[in-house]
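Here is the structure we will look at, set down as C-alpha cells.
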Amino acid sequence: MRKPVIAGNWKMNLTVQEAITFVNGIKDELDAIHQVERVIAPPHVALTAMADLLGGTGIGLAAQNMHYLDKGAFTGEVSPLMLKGLCQYVIVGHSERRMYFGETDQTVNQKVHAALIHGLAPIMCVGENLEQNESRLTDSWVAGQVQAGLVGLSSTNAQRVIIAYEPVWAIGTGRACDAITAQHVIQVIRSTLSILFGEQTAQVIRIQYGGSVDVNNIAGYMRQPDIDGALVGGASLKSTWPQLTRLAVVDS
Ligand code: PGA
C-alpha cells in the first residue's frame with residue numbers, strides 16, 4: 001500500500017560534470033525499476049543539469065536543504081520558490097545540518113511547512129546520537145523529534161511527508177543499525193504519527209531507514225513491515241546504485 005522510496009543523498013560530492021557522467025551511466029537501469037520510487041539528491045548547483053538529464057524518466061530529484069522563506073537577505077541560501085519546478089522532494093533536518101549548521105526542530109518544522117506550501121515533499125530526518133542510544137533514550141528522543149518537526153500540519157499534509165529514521169551513529173560509519181532494531185524504532189515513529197494524526201494517516205506515511213545502507217543489507221530492511229525504503233549516502237555514489245535499488249524490491 002505504501003510505495004517504498006529509495007533516495008540517494010550525495011551530500012557535498014560530485015561536480016556538475018561528474019554528476020552528469022555518473023547519472024548518464026546509471027539512469028536507464030535505475031529508470032527501469034518501477035516498483036519503488038527512485039530519488040537522487042545532488043548538490044544544489046547540479047539540480048538544473050540533473051533535471052534536464054532526468055526529464056522524461058521516472059527518477060525524481062531532491063534538494064538536500066533549503067531555507068523556509070521564499071526570498072530575502074540570506075546570503076548563500078536557496079528558497080523553496082527556487083526549488084519548485086526543479087525538484088519534487090527536499091531533505092530537511094539531516095543530522096549533519098542539525099550538527100554543523102545549527103538546525104533545530106523549530107527550523108525543521110518551518111522548512112516542512114514551506115516545502116509543502118510549494119508542493120515539495122519533505123524528507124524529514126530524525127535520529128538519536130550514540131550517547132542517547134547507549135542511554136536507552138532512542139524511542140523518546142525520536143518520537144519527540146517527529147512531533148516537533150510536524151507541529152501544525154493537517155493530516156492531509158502529513159501524508160505527503162516522508163520520514164527518514166537515521167541514527168546518527170550509523171551514518172557514514174559502516175556500523176548500520178540492525179534491521180530488527182530499525183523496525184522497532186520506525187514502529188515507534190508510526191505510533192507517534194498515529195497519536196498525532198490518527199491511525200489511517202499513520203498507515204499512509206512512508207518511513208525510511210538511513211545509516212550505512214548498502215547492497216548487502218538493503219533487502220533486510222525492506223523485509224520489515226514498517227520500513228518503506230532507505231535514505232542512502234555513500235552507497236548512492238557507486239555504480240552499484242541501480243543494483244541497490246533493485247534489491248529494495250520485495251515480493252509481496
Ligand atoms: P550513509 O549516509 O549511507 O553514508 O551512512 C546516510 C545519510 O546520511 O543519509
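Along the sequence shown, residues carry numbers from 1. Note that ligands are numbered from 1 as they come in the structure, with each ligand's atoms numbered from 1 the same way.
- Salt bridge annotation for Lys3-Asp228: absent, with no cationic side-chain nitrogen under 4.0 angstrom from a carboxylate oxygen.
- Residue Asp226 holds its CG atom at 14.5 Å from CZ of Arg206, rounded to the nearest 0.5 Å.
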What pairs of donor and acceptor atoms, side-chain ones from residues 148-157 against any protein atom, are under 3.5 angstrom apart with sequence neighbours left out?
from	atom 1	to	atom 2	distance (Å)
Ser154	OG	Asn157	N	3.1
Asn157	OD1	Arg160	NH1	2.7

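- Under the 30°/60° scheme for interplanar angles, the aromatic rings of Phe22 and Trp10 are found to stand perpendicular.
- Using a 4.0 Å heavy-atom criterion, the residues that approach ligand 1 are Asn9, Lys11, His94, Glu166, Ala170, Ile171, Gly172, Gly211, Ser212, Leu231, Val232, Gly233, Gly234.
- Here the shortest heavy-atom pairing between Leu47 and Leu61 reads O-CD1, 3.9 Å.
- Salt-bridge annotation for Asp214 and Lys238: absent, with no side-chain N of the basic residue lying under 4.0 Å from a carboxylate O of the acidic one.
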